[in-house]
Peer 1: 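Provided herewith is a single structure, encoded as C-alpha cells, for subsequent inquiry.
Bear in mind that the values here come from a model prediction, so they are computed numbers and not experimental data. One is the number of the first residue; the rest follow in order along the sequence.
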Amino acid sequence: MAAPIFLPSPTFTTYRTIQASLNLNSRCWLRTQKPKLLLYMVPATPTPTVCSRQFMFKPYAAVNSLETHVSTHQNKAASGVSSQNGFHRSKTLFDKASDSSDGMSDFERQLQELFNEVKTLITTGKEKDAVDLLQANYEAVKEQMNDGSKGIEEAAILDVIAMGYMAVGEFKSVRSLLDVVTFLSLISEVIDDLNNDEPLLDSILVHMGSMYSNLGEFAKSLPVNQRATDILENRHGKNSVVLVTPLLGIAKVLSSTGKATKAVDIYHRVIRILELNRGVETEDLVVPLFGLGSLLIKEGKVTGAENSFIRLVRIPFILIRLWVFSSFFTFYFSFSRILNIYTKLYGENDGRVGLAMCSLAHAKCAKGNANEAIDLYKKALQIIKDASYMPLDDSMMENMRIDLAELLHVVGRGREGRELLEECLLITEKRKGKDDPSLVTHYLNLAASYSQSKDFVTAERLLRTSLEIMKRADGPENPSITFPMLHLAVTLYHLKQDEEAEKIALEALRIRKKAFRKDSLPVGEALDCLVSIQSRLGKGEAELLEQLERVLKIQEREFGSESEEVMVTLNKVVFYLDKLGKKDEKFALQKRLSRLQMKYKQSVRY
C-alpha cells in the first residue's frame, strides 16, 4: 500500500517559531596575502560566469526531457541555461506505473501536488509552513517504514521531502540542510535492495546525486549518478539524451575531486550526445560547454604551478607547450561557442550574451590578452545594464565589476579600476546603509587600490572605517576583524607609524591565537607581518629569527616545502642567520634557498 501523502488544508498554519539563519555577508574570510592586488568578492549566488549553486526546485525529472530555457525571473543565475540541479517531469517516464491518460498515476499526481505546494510555500516566503508540511509527510512515511513498508513509493516520498528541505536550506536554514543528509540516508536504505527496473528509481538516483553534490558529499554522489547512468544506458542506449543529467552530475564530482582528465572526457561525451540529438546550436550545450571551459581554465592554473615537476620527469618542453595550447584552445572555443549560441538565439543585445562575454573575457585573460579581456568585460556590463537583465545592485553584477576592476589594476589602469570599486561601494551603501557589514568588502578593495598607488593616507582612512564597521557588527574579539587589522598595520608601516603598526599587529596576533591553533596558518600570517614591523623597530635579531622559524614551519606544513611562500620566508631566515653569525646553519639553508630560487626563476607561467 502506498504511503499517505499529506497536503495542507486551506486553514493550514505553522507552529514553528525558531529558524536558524546564516548571514554570509557579515563575515570577512581570511585569504593568504599575494604580491599582486587581489580584490574580494561579495558572497553571491553564482552565475554561468562562476558555478551554479542555486537549487531549482522541480520534481521527477526529466531524464527523458532536458528543458533548457529558464526565464530571468525564475532563475537569473541560470541565465537561460539548464542545470543538472533542475528537473522537470516527463510524461513518458512513468508510463509503466500509469493508468491515467496523461501518463501520471494517482501516486505520481499526489507527489506532484505535494511538491508544488511546498514550492509555492517557499517562494511566497512561508518557509515555516513548508517545513511543517514536509515534517508531517516525513512522520507518516517513517511510520510506514517502521511497519515494514520499504519500497519505491516510500523512497519517492522521501526524495520529495529531501528536495523540499534542500530548497528551504538554500533560502534560510542551516538545520534543514543537515536534515537532508538524514533523508538521503533513509532513501539509500530503501533503494539499495531494489532492482534497477523500478520505474521511479532513475529519477530518485539523479536527485540524490545532485543533492549529495550540493552538500559536498562527492563520495556518495558519484555512485548514485553512476547507477542512474547504467540504468538509463540499458534502457535507452549509450547516446540517448536522457543520460545528460546524470553524466553532468558525474562530471561535476570528478571536477571537484581533482580527476580533471576523466571529467573532461565526460563533458565531451555529453556534448557529443547533445549534438547528435539536438543539433550543434542547441542551447542545451551551454551547460557542458561552460563546465568544460571552466575546468580547463582551472587546470591551466595547476599546469603553471606544476611546470617544475614536469621538467623533473624530463618530458620534452615542446610537449608541454602543445598540451597547454590544446587545453587553452578547447576552453577558449567552449566560451566562444556559448557566445555564438546565445547571440544567434536571442540577439546580440540580450543579457545572456553579456554573461557569455564575461566568460569569454575570462578565457582571454587566461591567455594573457588583458586589454581584449577588458574591452569584452566593459561591453558585457553595458549590454547587461542596457537590457535590464539584472539590477545594478545585484551581487552578480557587483562581482563582474570587481573582476574588471582587478584586471584594470593588473595592467596599470588603477584609476579606472578605482572608479568601478567606488561605484560598487556607492551602490551597496545606497541599498543597505552606511554601517552594513557588506560594505567592508568594498572598503578593503578600495584600500588595496589606493595602497597600490602609494596613497597610504587614503588607504588608512578606508581601513579604519572598515574596522569600525566590523567591530560594531561582530565584536572586538571576532577573528574576522583581524583581516582589516593586519592590512591597517601594513599601511601604517608604509606611513612610518611603526609603534601603532606593531600595537595593531600584536592585537591581531592575540585574537588569532585565541581563535585558532598557535601553529595555524592565520597565526603564521600575523607573525610574518609582525616580524616585518618589529625588524624596523630594532627588536632583537634572535627573537625575530625564532618567530620566522615558526612561520617557516607553518608554511612548510600548509603549502609544502617547495612552495614559493616557503622560499620568501627562507630568504628572511638566511638573512638573520648571517647577521647572528650562524654560518653552519646558514650554509645548509642557503643551498636549499638557491635551489628554490632557481626553480621559480626557470618556471614558465602561462
Peer 1: Under the criterion side-chain contact (heavy atoms from CB on, under 4.5 Å), I'd like the reasoning laid out for Ser188 against Tyr212: C-alpha separation, chi angles, the key distance, then a yes or no.
Peer 2: CA-CA 12 Å; Ser188 294; Tyr212 273 133; 3.7 Å; yes

Peer 1: Is there a side-chain contact between Val523 and Arg517 in this structure, where contact means two heavy atoms from C-beta onward sitting under 4.5 Å apart?
Peer 2: no

Peer 1: Roughly how far, to the nearest 0.5 Å, is the CG atom of Leu205 from the CG atom of Leu194?
Peer 2: 9.5 Å

Peer 1: Checking side-chain contact (heavy atoms from CB on, under 4.5 Å) for the pair Leu355/Tyr389: CA distance, chi angles, key distance, verdict?
Peer 2: CA-CA 10 Å; Leu355 289 176; Tyr389 189 70; 3.6 Å; yes

Peer 1: Would you check if Arg278 and Glu283 make a side-chain contact, meaning some heavy-atom pair closer than 4.5 Å?
Peer 2: no

Peer 1: Between the side chain of Thr343 and the main-chain N/O of Leu339, is any donor-acceptor distance below 3.5 Å?
Peer 2: yes

Peer 1: So which heavy atom on Leu232 is nearest to which on Pro246, and how close?
Peer 2: CD1-CG, 4.0 Å

Peer 1: Would you check if Phe483 and Leu444 make a side-chain contact, meaning some heavy-atom pair closer than 4.5 Å?
Peer 2: yes

Peer 1: Keeping Asp528 on the side-chain end and Gly524 on the backbone end, is there a donor-acceptor pair under 3.5 Å?
Peer 2: no

Peer 1: Heavy atoms only: give me the nearest Pro288-Tyr267 pair and the separation to one decimal.
Peer 2: O-CD2, 3.7 Å

Peer 1: Ser449 side chain to Asn445 main-chain N or O, any donor-acceptor pair under 3.5 Å?
Peer 2: no

Peer 1: Could you check whether any side-chain heavy atom of Val551 comes within less than 4.5 Å of a side-chain heavy atom of Val531, counting everything from C-beta outward?
Peer 2: no

Peer 1: The criterion is side chain to side chain contact (heavy atoms under 4.5 Å, CB included); which residues satisfy it with Lys553, sequence neighbours excluded?
Peer 2: none

Peer 1: Counting distance only, does the side-chain N/O of Ser213 pair as donor-acceptor with the main-chain N or O of Gly209 below 3.5 Å?
Peer 2: no

Peer 1: Less than 4.5 Å apart, side chain to side chain, heavy atoms only: is that true for Asn196 and Asn234?
Peer 2: no

Peer 1: Please name all residues satisfying side chain to side chain contact (heavy atoms under 4.5 Å, CB included) with Asn571, sequence neighbours left out, ordered by chain then number.
Peer 2: Leu593, Gln597

Peer 1: Is there side-chain contact between Val264 and Lys259, with at least one heavy-atom pair below 4.5 Å?
Peer 2: no

Peer 1: Do Ile481 and Ile511 come within less than 4.5 Å of each other through their side chains, counting heavy atoms only?
Peer 2: yes

Peer 1: For Ser210 and His207, indicate whether the former's side chain and the latter's backbone hold a donor-acceptor pair under 3.5 Å.
Peer 2: no

Peer 1: Using modelled atom types only, decide if a donor and an acceptor are shared between the side chain of Thr482 and the backbone of Pro479 within a distance under 3.5 Å.
Peer 2: yes

Peer 1: Is it true that Arg269 and Glu275 make a salt bridge, defined as a side-chain N closer than 4.0 Å to a carboxylate O?
Peer 2: no

Peer 1: Return the minimal non-hydrogen interatomic distance between Met400 and Cys358, and the atom names on each side.
Peer 2: SD-SG, 3.2 Å

Peer 1: Using a 4.5 Å cut-off on heavy atoms from C-beta on, say whether the side chain of Arg235 contacts that of Asp202.
Peer 2: yes

Peer 1: Rounded to the nearest 0.5 Å, what separates atom CG in Asp403 from atom CG in Leu420?
Peer 2: 11.0 Å

Peer 1: Sort and list the pairs that fulfil salt bridge (Lys or Arg N to Asp or Glu O under 4.0 Å) and have at least one residue in residues 210-227, not counting sequence neighbours.
Peer 2: none

Peer 1: So, Thr569 versus Gln555: side-chain donor-acceptor pair below 3.5 Å or not?
Peer 2: yes

Peer 1: What pairs with Ser221 under side chain to side chain donor-acceptor pair (under 3.5 Å), at least two apart in sequence or on another chain?
Peer 2: Asn225

Peer 1: Please name the pair of heavy atoms, one in Ile338 and one in Val286, separated by the smallest distance, quoted to 0.1 Å.
Peer 2: CD1-O, 3.8 Å

Peer 1: Please report the closest heavy-atom contact between Ile402 and Cys424, naming both atoms and the distance.
Peer 2: CG1-SG, 4.2 Å

Peer 1: Using the rule given for side-chain contact (heavy atoms from CB on, under 4.5 Å), can you reason through Asp230 versus Gln226, listing the C-alpha separation, both sets of side-chain angles and the distance that settles it, and then say yes or no?
Peer 2: CA-CA 6 Å; Asp230 293 341; Gln226 188 60 62; 3.1 Å; yes

Peer 1: I'd like to check the salt bridge (Lys or Arg N to Asp or Glu O under 4.0 Å) partners of Arg272; sequence neighbours left out, ordered by chain and number.
Peer 2: none

Peer 1: Ala361 and Ala373: which non-hydrogen atoms are nearest, and at how many Å?
Peer 2: O-CB, 3.4 Å

Peer 1: State whether Arg550 and Glu525 are salt-bridged, where the test is any N-O pair (Lys NZ or Arg NE/NH1/NH2 against Asp/Glu carboxylate O) under 4.0 Å.
Peer 2: no

Peer 1: Under the rule for salt bridge (Lys or Arg N to Asp or Glu O under 4.0 Å), what residues qualify as partners of Glu562, not counting sequence neighbours?
Peer 2: Arg595, Lys599

